[in-house]
Amino acid sequence: MQVLDGKIASAAIKEDLKTKIHILKQQGKRAPHLAAILIGHNPASETYVASKVKNCEAIGIESTLIRYEDTISEETLLREIHRLSGDNGVDGILVQLPLPAHISEEKVIYAIPPEKDVDGFHPVNVGRMVLGMPAFVSATPYGILLLMQHYHIDTAGKNVVVVGRSNIVGTPISILLSRNNPMGNATVTLCHSKTRNLKEVCKGADILIAAIGRPNFVTEDMVADQAVVIDVGINRVPDSSKKSGFALKGDVDFDQVAPKCSYISPVPGGVGLMTIAALLMNTYHAFTQKDAVPS
Ligand code: GUN
């Protein structure tokens, strides 16, 4: 069994990007620039955004963090997004989700121009991704592809089972892996709450992707010998032995499942780290391919 180490894979991607950005600067160009908007004080969002900003700095991407209290009006937020949209010095815009209940997620996502939508949430990017056109792919599915690519995991002809059909993970990864391209060509089954015989379906997987958001949901009896298991879950479970009061647990019972696998991604230290690398890749591409995605 080999661990799919997100730390190693993301470090390789970041090192490569750092070199590319260094070369840009040597050529007298400005650095790519990410603007991140964080609303309120959701602890998970604070952690994610801080990590995004820190990782930008580490590889030479400029970042601007714009913070608002959760009393901000939708109108003010949309105005700020419009301002950033028109700023030629800003290449990528992200608004950290979830948003306060009085702000429409849909309106916010629509307000970000597709060519600056480094989260890949805008319907134009989702549509382009589905059609196999150049698009920003959202960080988690893109991060999964980058992790598998780093470890040379071949997907062609493999049976992939994805558990969970969310808009930002399960649905896009199932589409990406079934497409006719080097990181696709798999036969994909997308499972959800109405799936019958989930255990048996999962057991048929050469590659099992767990993205349901339930700690330790995938147990040893659901996994075939020598399967590749990708754990996308980042679940906070109470743990009084930790200073933070919680521990991060994946959707897979790692201790039970790992001995059966050919490869398995851990939580923490797996897909989560890759999502940051994917965001940095998207921001770099937003800078270099300004005309790739028409608005
Ligand atoms: N909240 C949880 N994941 C994400 C993400 O990938 N992007 C944004 N903007 N918000 C999130």
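Counting convention: from 1, in listed order, for ligands and their atoms alike.
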Is there a side-chain hydrogen bond (donor to acceptor under 3.5 Å, both in side chains) between N216 and K249? Walk through the geometry before answering.
CA-CA 7 Å; N216 294 339; K249 285 263 177 265; 6.0 Å; no

Under 4.0 Å from ligand 1, residues with heavy atoms, in chain and number order, are K52, V95, Q96, L97, D119, F121

(Q) Assess the residue pair H122 and Y110 against the criterion (ring pair (Phe, Tyr, Trp, His ring centres under 6.0 Å)); give the C-alpha distance rounded to whole Å, side-chain angles, the decisive distance to 0.1 Å, and a yes or no. (A) CA-CA 6 Å; H122 194 288; Y110 269 76; 5.5 Å; yes

Subject >> Salt-bridge criterion met for R67 and E46 (N-O under 4.0 Å) >> reply: yes

Could you tell me whether E200 atom CD has more than 12 heavy atoms of other residues or ligands within 6.0 Å of it? yes

In I230, L208, V218, the residue satisfying side chain to side chain contact (heavy atoms under 4.5 Å, CB included) with V252 is V218

Practice problem: Step through the shown structure and confirm whether more than 12 heavy atoms of other residues, nucleotides or ligands are within 6.0 Å of CZ on R214. | Solution: no

